[in-house]
Amino acid sequence: MLKNLFRRWGQGDRASTMRDSLAGLSLACMNIPQVLGYARIAGMPAVTGLYTVLLPLVAFAGVGSSRHLVVAADSATAAIFSSALARMAPPGSAHYMALVSMVALLSAGFLLAARLFRLGFLADFLSRTVLVGFMAGVGLQVGIAMTYDMLGLQATAHNPFLQFVELLKALPHLAPLSAAISLVMCLLLYTGEKFAPHKPLALVLVVGSIFASWAMGLEARGVALVGPLSGGLPSLHFPRVGWNDMLSLLPVATSCVFVIIAQSTATSRTYAYKFQEDVDANRDILGLSAANAVAALSGTFTVNGSPTQTAMAVQAGARSQKAQLVFACVTLVVLLFLTGPLHYLPRCVLGAIVFSVAMGMIDPRALWRIRQESPGEFGLALITAATVVGVGVEQGILVAIALSLFRHVRHSYEPHTMVLQEDAQTKLLEASPVKAGVETEPGLIVYRFCADLFYANCNRFADDIRFLIKTAPTPVRCIVVDASAITDIDYSAASLLRTVLQELQAKSVLIAFGRVNPFLRADMDRHRISAVLGESNIYAQLHTAVAAARSHARCEKA
């Protein structure tokens, strides 16, 4: 791992190293207060939030493949295990902390198993369309949560939709000074993003707000601060948990692992698309396993690939894991020397910074392009975003995967089917939709089925063949199936296909398959289709199949 770290640090020129270093510094200033809030969600001491961006961050940077993914504390996993473990031990107690660390250790083991079974392929089931919707939903969810800190309010609901409703009711009770500071911060961040996008403005705002808070006594004026924070390095130890407790933690760790894999792969895949880079999902899973292992041994809680923190890193100018390593170094300095100044950081400033980043996760241009090119997919993106906001991140990921699969299955279930007809000018066979009375030439139909044959669409194949024969203007003597798009036939489709072949043979209609690839031929042999069809009616090229069918049709006519 150390060799990989040094290799990554040595990549790139001086300018890119300086850019990533400044981005890492800005990232630390924005995220260090944020992970303190995540520790509060997790029911752990505030300092353990800082521990999540120390050793775990370095572990993923050394093992993972993503150049952008920030692995640290995350609200989704924190909410999952805290709600379950609060019933087993008082939050913040020694036993509770041991249970939390054991969940991280079990998660690391499950992630290692996922890597061994190469479950990174799950990322392939997330289409770009639903990824855009997913990130937009996360942005809205985080933006709603941060509005509370910006206005000096306290949220009691956990569901984003209920938080929004609660926020509207609480608006008359907002803290005017916190709201004014937040508004100024948002305007400054927007202006900086527009005119100086790669400058560490967030870093300047955090440092300036800490100084202003100390000098002007903002806490006495009703502005909520981050508050006191203990320092020091983590002590490495193995969490001690009884066997019965260990068994009770297995479902909790399983839930965390599912969210970790899905959310991390969705986030890393999003930024790999954006910067046209390659990402190895299986290697990222191994990096996540290493990060959670060191999190458990250093006394902190489960870490995850964070969409918000990754967006912060990218907006700050980070283009490699060098920024994350600088982030970890800054965290180390803070733990040793600078926990005192963080006491004066206003929560509204932190909320405004995170809110601005969250809004940046919503890509209206991408959504508009999807709407213009594919209205149906635009609907899928909106459903994914609405699920994240209305139900939760983990449910949003499940919906994203389900919708991606549904879209694929729908296309396979309703494939394009065509009849090839001779073009009057070129004399070549051109495709036209299946409809009544269409034939390639008198007595011959060349039919193309544009999908694999399986249980859900095989009836479409059979119905088309019967319909074309029934409505043909002249008696059909030969049918040639252009099988160029068919690579697989399952058991159900094979059974129906044998029935159709026997029906055609009973009607003295010859059927041949052209452009049969080796994969299809193997399935035809295994399912006994070749035996029913006849070896002489299976062709590797379409033109030879058509020529043989024409010859047969002429003989039948004579």
Side-chain angles (χ1 to χ4, degrees), residues 411-412 414-435 437-454 457-458 460-469 472-491 493-558:
H411 282 299
S412 298
E414 297 179 347
H416 295 294
T417 58
M418 293 165 281
V419 174
L420 303 186
Q421 294 179 297
E422 187 176 272
D423 185 85
Q425 294 180 341
T426 64
K427 304 300 181 183
L428 298 175
L429 293 178
E430 302 293 345
S432 62
V434 171
K435 58 184 179 181
V438 176
E439 58 184 353
T440 305
E441 57 188 58
L444 172 63
I445 293 173
V446 181
Y447 172 73
R448 177 181 291 168
F449 191 82
C450 299
D452 288 335
L453 274 167
F454 68 109
N457 67 10
C458 57
R460 172 75 175 274
F461 180 93
D463 291 343
D464 276 357
I465 295 293
R466 292 164 179 157
F467 174 74
L468 288 169
I469 292 175
T474 58
V476 176
R477 293 182 172 86
C478 298
I479 292 179
V480 175
V481 177
D482 178 357
S484 54
I486 306 174
T487 60
D488 180 78
I489 302 178
D490 73 358
Y491 177 83
S495 299
L496 181 59
L497 183 55
R498 288 195 301 267
T499 300
V500 172
L501 293 176
Q502 291 166 355
E503 286 179 11
L504 295 177
Q505 289 169 356
K507 296 178 180 178
S508 299
V509 177
L510 175 73
I511 184 167
F513 276 64
R515 289 181 179 160
V516 175
N517 58 70
F519 308 104
L520 175 59
R521 179 58 192 265
D523 278 358
M524 293 174 75
D525 291 343
R526 183 172 66 255
H527 292 300
R528 296 177 286 109
I529 295 171
S530 301
V532 176
L533 183 62
E535 296 287 339
S536 60
N537 295 319
I538 301 174
Y539 298 88
Q541 298 86 25
L542 181 62
H543 68 274
T544 54
V546 172
R550 283 172 173 162
S551 176
H552 176 81
R554 285 194 297 268
C555 292
E556 287 290 313
K557 191 180 297 184

**OP:** Any side-chain hydrogen bond (donor to acceptor under 3.5 Å, both in side chains) involving residues 520-529? Give me the pairs, sequence neighbours left out, ordered by first then second residue.
**Re:** Arg521-Asp525, Arg521-Glu535, Asp523-Arg526, Asp525-Ser530
**OP:** Can you measure from CG (Leu533) to CE (Met524) and round to the nearest 0.5 angstrom?
**Re:**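 Rounded to the nearest 0.5 Å, the CG-CE separation comes to 5.0 Å.
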Original post:
When rounded to the nearest 0.5 angstrom, what distance separates OH in Tyr447 from CE in Met418?
Top reply: 9.5 Å
**OP:** Could I get the full list of side-chain hydrogen bond (donor to acceptor under 3.5 Å, both in side chains) partners for Thr499, not counting sequence neighbours?
**Re:**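 Per chain and number, Thr499 pairs via side-chain hydrogen bond (donor to acceptor under 3.5 Å, both in side chains) with no residue.
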Original post:
Which is it for Phe513 and Ile529 under the side-chain contact (heavy atoms from CB on, under 4.5 Å) test, yes or no, and what are the steps along the way?
Top reply: CA-CA 11 Å; Phe513 276 64; Ile529 295 171; 5.7 Å; no
Least distance between heavy atoms, [X] atom then [Y] atom:
X: Tyr539; Y: Ala548; answer: OH-CB, 3.1 Å
X: Phe519; Y: Thr487; answer: CB-O, 3.6 Å
X: Ala462; Y: Leu496; answer: CB-CD2, 3.9 Å
X: Gln421; Y: Glu439; answer: NE2-O, 3.2 Å
X: Ala451; Y: Asn457; answer: CB-ND2, 4.1 Å

Within the structure provided, determine whether [X] and [Y] are in side-chain contact (heavy-atom separation under 4.5 Å).
X: Gln505; Y: Val532; result: yes
X: Val546; Y: Thr440; result: no
X: Phe454; Y: Asp488; result: no

**OP:** Apply side-chain contact (heavy atoms from CB on, under 4.5 Å) to the pair Leu504 and Ile469, showing each step before the final yes or no.
**Re:** CA-CA 10 Å; Leu504 295 177; Ile469 292 175; 3.2 Å; yes
Subject >> Flag if over 12 foreign heavy atoms under 6.0 Å of CZ, Phe467 >> reply: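 Correct, the count exceeds 12.
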**OP:** Run the numbers on Leu520 and Ile489 for side-chain contact (heavy atoms from CB on, under 4.5 Å), then give the verdict.
**Re:** CA-CA 7 Å; Leu520 175 59; Ile489 302 178; 3.4 Å; yes
Original post:
Do you know which of Ile511, Leu510, Val480, Leu501 makes side chain to side chain contact (heavy atoms under 4.5 Å, CB included) with Asn537?
Top reply: Leu510
Original post:
Can you tell which of Leu444, Ile465, Ile445 makes a side chain to side chain contact (heavy atoms under 4.5 Å, CB included) with Val476?
Top reply: Ile445
Subject >> Val500 and Arg466: CA distance, side-chain angles, deciding distance, side-chain contact (heavy atoms from CB on, under 4.5 Å) verdict >> reply: CA-CA 9 Å; Val500 172; Arg466 292 164 179 157; 4.0 Å; yes
Original post:
Do any N or O atoms from the side chain of Ser432 and from the backbone of Val419 form a donor-acceptor pair under 3.5 angstrom?
Top reply: yes
